[in-house]
Each structure stands twice: as C-alpha cells, then as structure tokens.
Protein chains: 2
Amino acid sequence: MLSIGKLSRATGVKVPTIRYYEQIGLLPEAERSSGNQRLYGRRTQERLAFIRHARELGFALEDIRELLALADDPERSCAAADRIAGRQLAAVNARLRRLEALRDELERMLAHCSSGRIADCRVIEVLGNHALCGHEHATGDDLSA
Amino acid sequence: MLSIGKLSRATGVKVPTIRYYEQIGLLPEAERSSGNQRLYGRRTQERLAFIRHARELGFALEDIRELLALADDPERSCAAADRIAGRQLAAVNARLRRLEALRDELERMLAHCSSGRIADCRVIEVLGNHALCGHEHATGDDLSA
DNA sequence: ATAGGATCTCTAGTCGCTATAGCTTCAAGG
DNA sequence: CCTTGAAGCTATAGCGACTAGAGATCCTAT
Ligand SMILES: [Zn+2]
Ligand SMILES: [Zn+2]
Ligand SMILES: [Zn+2]
Ligand SMILES: [Zn+2]
C-alpha cells in the first residue's frame, strides 16, 4: 500500500490533484491508515495512471469518467469508447486547423512590422483592423486558443 | 451613441462579456443614459473591436491590456508590442506541435481498434499503457489540450 | 396604459486544477 | 523516549474568460 505522496511520485500526478480526483468521484474513496491517511493499492494506481494518460491525450475528465466505466466492463462493445476517442480526434483536428490559421496570421503580422513607432506598427494595425487579415478566424464564439 | 445590445451586435461580443470587460478595466466605465443604461461612442466601439480581434488571435486578456496601452501611445517604440506577438506565436507553435502529436496518437489508437469487445479495445488498452504509444506527451504538467 | 423586450446589479457556476491556512501524523536521528 | 521536520489532513478560495440565473428596472410600441 502506497501513501498519497508515493502514489504521486509513481504516477506523476500531484498530491492535491489526486485528492481532487477522489473528491469528484473519479477515484474511489481511499482506504485510510489508523491515523486517517490515505492508502492506495495496485488497482487505484493503475486507475490513476489511466486517468493521467488520458489527460495527456487531451480527454476531458467527464470523458475519462465514461472511459473508466467502460474499461470496468470488459464484455461490452467498445463502440462507445471508440466514439469518445473519435470525438476527441475531431476536436483536436478542429483546434489544429484553427491554430494553424492563427500561426499564419501572427507570422504575417510580425513579418510586416519594421519595429519602429507604435503609429506604424503592423501588429497594432492588424489587431485594430481585421480587413488586413488573410482569412477569417473562429466564426463561433469559442475563442479558446 | 449605441446601447450595449447594439454594440454587442455591431462587434460580435456578447452583452455580458462587454460588462465583464468593463468590470476588469479593459473597457472604460461607460457613460450612462438618464435611466442608468450604458451608452457607447465610436472610440469604445473601436476599442472593443480591437479586443475581440486580439482574442480571436488567441491573445490573453492581460496581453490585450498591454497592447491597448501601447496602442494609446503612438510615438513609442513598438518593440513591446512585437515582443508580445512573438511570445504568442511561440505559444501557438508549441501548442501546434503538441496537438499534432496528440492527433497522431489518437489516429493510431483508432486505426488499431477493430471495434469489438472492451476487453480487446485498443483505445482502452493504450490509455491504460503508455508503452503502446509512439512517443512521449507533455513532459511538464500543463495538460491543457 | 400596458405588454414585452432590453437592461440593470449581483451572485454563482464552468473546467481542471493550484494555493493557502491551520491542524495532525509519521519517520528518522539523538 | 523525545524531538524535529516532512508529509498528510480538511476546508476554503483563486485562476482565466467568461456564462447563466434571479429579480428589479427601463424603454418602446401599440
Ligand atoms: Zn511593431
Ligand atoms: Zn483577423
Ligand atoms: Zn475500441
Ligand atoms: Zn502515451
């Protein structure tokens, strides 16, 4: 059985984050030592590694909650899991396209600025006037870069 | 002079967001009508369009605050503005590289799954075992996808 | 005059943590 | 055995950039 600190070092997940995952029900309530400190076994360690890996791949905690529930039920069809991963892939691709457009626009701005006075700064100018941009940006209202 | 609703329609920024920008000091306190409703002139409309455009290009509100201060001072050197934009470009490039790696990993997972039982699901398997991944993910602790 | 939409203020919620404060417990050294 | 310092505990608040709701007020049109 591992203390929370050792579990943290073993998985690369910070101690408060582990407690947070327990609080929101992503990890089960930990067993406790006689002095009320959390103790973890192999099962929870694997579960936490799964969560960490899914986070590294960009999955939202709610998706991870579903994926964990699926992983606990080995006889079911994996269609739901594949659908979640497919949705994640689509989201990543959408963000990629948006970021590529941002990169191009930022590069253009910087390339056209001769770094003189603010009054002649292409960066400030473009920010104030989208007509100087090469293309449209996000049409919706999700401006999360 | 525009009401907040008309300013919202004119700029594509939602009404509560405009009030929020005022609250955090990104927009000056609006003039008020006799009935205490906000009124906006051309200057504020331009300022809001600038903010909106910078947000579309992924700048953080604190960066935008600096950029607005710079824009108000046309004789200064634009080095600071260019530095902010350069930093933003670097951040975008870093996110791009990370997202490309995520995309590759997600595609690999999905390509290897034959959509049968959970017990055989490649998606679940890879999430539980990073050794099956083609490369490392974010080494630090910024897992924001 | 009245209906309805628009606006007002204020508070709380989102996501995924992170940080702080003030306490208790544990492990190692003297 | 006793002390010290690290590690653990709970509870609360904060981050960024908004969004949503309640309940009151105002403005416009019929
Ligand atoms: Zn410049
Ligand atoms: Zn633009
Ligand atoms: Zn599958
Ligand atoms: Zn991996």
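Fair warning: this is a prediction, and the values are worked out from it, not measured in the lab. Keep in mind that the numbers below use all heavy atoms, side chains included, and drop hydrogens, waters and symmetry copies. Order of the sequence lines sets the chain letters (A, B, ...), proteins ahead of strands, with each chain counted from 1.
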For atom CG of L48(A) and atom P of dC17(C), their distance in whole Å: 11 Å
What is the distance, to the nearest angstrom, from the CG atom on D63(A) to the C1' atom on dG16(C)? 14 Å
Using side chain to side chain donor-acceptor pair (under 3.5 Å) as the criterion, list what pairs up with E29(B), not counting sequence neighbours. none
With side chain to side chain donor-acceptor pair (under 3.5 Å) as the rule and sequence neighbours excluded, what pairs involving residues 41-51 of chain B come up? R47(B)-D72(B)
Any K14(B) side-chain N or O less than 4.0 Å from OP1/OP2 of dC18(D): no
Assign a letter to each nucleotide of nucleotides 23-30 of chain D from its 5' end: B, base within under 4.0 Å of a protein heavy atom; S, sugar-phosphate only; -, no contact. ---SS---
For atom CG of L26(B) and atom C1' of dC18(D), their distance in whole Å: 13 Å
Considering residues at least two apart in sequence or located in another chain, which fulfil the ring pair (Phe, Tyr, Trp, His ring centres under 6.0 Å) criterion with H130(A)? H137(A), H53(B)
Could you state the CG-P distance from L7(B) to dT7(C), rounded to the nearest angstrom? 10 Å
R19(A) near the nucleic acid: base, sugar-phosphate alone, or nothing, with a heavy-atom cut-off under 4.0 Å? base
Side-chain N or O of R65(B) versus OP1/OP2 of dA17(D): is the shortest distance under 4.0 Å? no
Only pairs at least two apart or in different chains count here, so list each salt bridge (charged side-chain N to carboxylate O under 4.0 Å, His left out) that has a residue in residues 103-112 of chain B. E105(B)-R108(B)
Which pairs of donor and acceptor atoms, one on a side chain in residues 57-71 of chain A, lie under 3.5 Å apart (sequence neighbours left out)?
residue : atom : partner : partner atom : Å
E62(A)  : OE1  : R65(A)  : NE           : 3.1
E62(A)  : OE2  : R65(A)  : NE           : 3.2
E62(A)  : OE2  : R65(A)  : NH2          : 3.2
D63(A)  : OD1  : R87(A)  : NH1          : 3.3
R65(A)  : NH1  : I24(A)  : O            : 3.1
R65(A)  : NH2  : I24(A)  : O            : 3.0

Rounded to whole angstrom units, what separation is found between the CD1 atom of I18(B) and the P atom of dC18(D)? 12 Å
Just how far, in rounded Å, is C1' of dC26(C) from CZ of R32(A)? 15 Å
Rounded distance (Å) that lies between atom C1' of dC8(C) and atom CD1 of I4(B): 10 Å
Toward the 5' end of DNA chain D, which comes first, R9(A) or L61(B), by nearest nucleotide? R9(A)
